[in-house]
Amino acid sequence: MHFQKKRCVAMLLAGGQGSRLMVLTENTAKPAVPFGGKYRIIDFPLSNCVNSKIDTVGILTQYEPLELNEYIGNGQPWDLNSSHGGVQVLPPYAKNKNSEWYKGTANAIYQNIPFIDRYNPDNVLILSGDHIYKMDYAKMIRFHDQNGSDCTIAVREVPLADAPRFGIMNTREDGSIYEFEEKPKQPKSTNASMGIYVFKWSVLKKYLEMDEADPKSENDFGKNVIPAILKDGYRLMAYRFEGYWKDVGTIDSLWQANMDLLGDKPVFDISDVSDGRIRARNTAMPSSYIAPTAEVKDSFVAEGCEVFGSIQHSVLSTGCAVGKGAEIMDSVIMPNVVVENGAFIRSAIIAEGCHIKAGARIGGSGTGAARKITVIGKEQTVSEGAVVEAGTIR
């Protein structure tokens, strides 16, 4: 079968188990976790691809892929159902008796060399499925090409105190990278890798094959492939990104990213479509009903909700019901949650399909750095009058 040559193919790493998200990812791949009332985390990199005119995306799944596969479907909600590319879900598959699960980020791409080769691309864009941000990848690819780069890494400024948590790029004045340090104890700069890479395909393919042949390698981009390319004298460039970006791999960061959507001047303005719309697979639901006695302040209420209680500085996702006298503050309520009369929820994440019965109290202590996020896992019932202490994960 003949495939049209592509300037760039995107490969989206969406196989993470997300163990730091605990009960939220027990039966759900991290990129499929709900976010912002009506989205899922993977909607952001997928929408960025479409908004950047990248029409061929491989999604590498592994852990609990069923829900993610169903959600992506044929890619139609993101206009990624083209017969000349589109979206393709790429789980590990048995090519021979020695086949295995993806061993690392680089091995995941290595196992899919045949998929990329079909399009004979000039460049390959590597993305993560667990970041919340809007980004025009076309600008990054243009920067990559104009600078004659073999590998371009998106970077953002982080506080010096946070730098040891990241891969740090040490650069010359022209932005070229002379040193890459993975989680350095004493960082020399604050250029943190965002885990977004553009490679010349000819260079990446060569180094993926070399990496796979090395039995000592951890098959990881940050630890193995990028340092090897740098060591051999190829041109690596740092592409500086100034916009909002958050890795939502922890309970605290997922909660904070949801809170960043709220307010008159939100930290991350998801409603601003001047830099591209975030698309999602949404079933049609009726408009939400807010009762005359209800109180909704500084909150997102998605469609299909019925609200009779009080919601303050919170995200209420699609299909939720909040009873009379119920109070929800500083919380993320995921889809199809029922909160009965008189229940109290503060500084919490309530996963999909939960039932919070009348008079139950969840979370509620601390503010700022002392705040402890309480998490109730998917389809749990909190019994009538029960007290769930702040910071509990169940």
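If you're wondering where the values come from, they're calculated on a predicted model, not measured in any experiment. Because only heavy atoms are used, hydrogens play no part in the values below, and waters and symmetry mates are left out as well, while side chains stay in. Positions are given from 1, in the same order as the sequence printed here.
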message: Could you go through Val23 and Lys378, starting from their C-alpha distance and side-chain angles, then the distance that decides it, and tell me whether this counts as side chain to side chain contact (heavy atoms under 4.5 Å, CB included)?
response: CA-CA 7 Å; Val23 293; Lys378 202 170 179 180; over 6 Å; no
query: Do Phe199 and Tyr207 have ring centroids that are under 6.0 Å from one another?
result: no
task: Answer yes when Arg156 and Glu242 have at least one side-chain N-carboxylate O distance shorter than 4.0 Å, and no when they do not.
output: no
- prompt: Should the pair His131 and Trp245 be assigned to parallel (<30°), tilted (30 to 60°) or perpendicular (>60°) ring geometry?
  reply: perpendicular
Residues that Lys324 engages under salt bridge (charged side-chain N to carboxylate O under 4.0 Å, His left out), provided they are two or more places apart: none
Of all pairs that satisfy ring pair (Phe, Tyr, Trp, His ring centres under 6.0 Å), the ones with a partner from residues 363-394, not counting sequence neighbours: none
query: Taking only residues at least two apart or on different chains, which pairs with a member in residues 383-394 satisfy side chain to side chain donor-acceptor pair (under 3.5 Å)?
result: none
field: Heavy-atom side-chain proximity of Glu179 to Glu181 below 4.5 angstrom
entry: yes
task: Please determine if Asp122 and Lys5 form a salt bridge, counting it only when a charged side-chain N lies under 4.0 Å from a carboxylate O.
output: yes
query: Quick one: ring-ring contact (aromatic ring centres under 6.0 Å, His included) partners of Tyr110, sequence neighbours excluded?
result: none
Distance-only check: which donor-acceptor pairs under 3.5 Å involve side-chain atoms of residues 347-358, not counting sequence neighbours?
| from | atom 1 | to | atom 2 | distance (Å) |
| --- | --- | --- | --- | --- |
| Ser347 | OG | Arg371 | NH1 | 2.7 |
| Glu352 | OE1 | Arg40 | NH2 | 3.4 |
| His355 | NE2 | Glu340 | OE2 | 2.6 |

Which residues share a salt bridge (charged side-chain N to carboxylate O under 4.0 Å, His left out) with Lys53, sequence neighbours left out: none
task: Please tell me if the side chains of Ile109 and Leu13 come closer than 4.5 Å, counting only heavy atoms from C-beta onward.
output: yes
message: Under a 3.5 Å cutoff, is there a donor and acceptor pairing between the side chains of Asn219 and Asp211?
response: yes
field: Between Asp145 and Asn123: side-chain donor-acceptor atoms closer than 3.5 Å
entry: yes
statement: Applying salt bridge (charged side-chain N to carboxylate O under 4.0 Å, His left out) to Arg346 and not counting sequence neighbours gives none
message: Less than 3.5 Å apart, any donor N or O on the side chain of Asp174 or Ser176 sitting next to an acceptor on the other?
response: yes
- request: Apply side-chain hydrogen bond (donor to acceptor under 3.5 Å, both in side chains) to Lys372 and list each qualifying residue two or more places apart in sequence or on a separate chain.
  value: none
task: Answer yes or no: is there a side-chain heavy-atom contact under 4.5 Å between Asp252 and Ile373?
output: yes
query: With a cut-off of under 6.0 Å to the ring centre and 45° to the axis, is Arg361 in cation-pi contact with Phe344?
result: yes
task: May I have the step-by-step check of side-chain hydrogen bond (donor to acceptor under 3.5 Å, both in side chains) for Asp130 and Ser128, ending in yes or no?
output: CA-CA 6 Å; Asp130 53 2; Ser128 170; 2.4 Å; yes
query: Residues two or more places apart in sequence or in another chain: which of them pass side-chain hydrogen bond (donor to acceptor under 3.5 Å, both in side chains) with Ser193?
result: none
task: Using the test salt bridge (charged side-chain N to carboxylate O under 4.0 Å, His left out), find all partners of Lys134 that sit at least two apart in sequence or belong to another chain.
output: Asp275
Got a list of side-chain donor-acceptor pairs under 3.5 Å for residues 254-261, not counting sequence neighbours?
| from | atom 1 | to | atom 2 | distance (Å) |
| --- | --- | --- | --- | --- |
| Trp255 | NE1 | Asp330 | O | 2.9 |
| Gln256 | NE2 | Asp260 | OD1 | 2.9 |
| Asn258 | OD1 | Gly36 | N | 2.9 |
| Asn258 | ND2 | Leu254 | O | 2.9 |
| Asp260 | OD2 | Tyr244 | OH | 2.7 |

message: Hydrophobic cluster membership, with links at side-chain heavy-atom distances under 4.5 Å among I/L/V/M/F/W/Y: are Val307 and Met329 in one?
response: no
message: Taking ring-ring contact (aromatic ring centres under 6.0 Å, His included) as the criterion, tell me which of Phe300, Phe268, Phe44, Tyr133 meets it with Phe35.
response: Phe44
- request: Name all pairs fulfilling the ring pair (Phe, Tyr, Trp, His ring centres under 6.0 Å) condition that reach into residues 364-394, sequence neighbours left out, sorted by first residue then second.
  value: none
- prompt: Given the rule that I, L, V, M, F, W and Y join up when any side-chain heavy atoms are under 4.5 Å apart, are Val296 and Ile345 in one cluster?
  reply: yes
- request: Applying side-chain hydrogen bond (donor to acceptor under 3.5 Å, both in side chains), run through Thr318 and Glu303 and close with a yes or a no.
  value: CA-CA 5 Å; Thr318 50; Glu303 58 264 40; over 6 Å; no
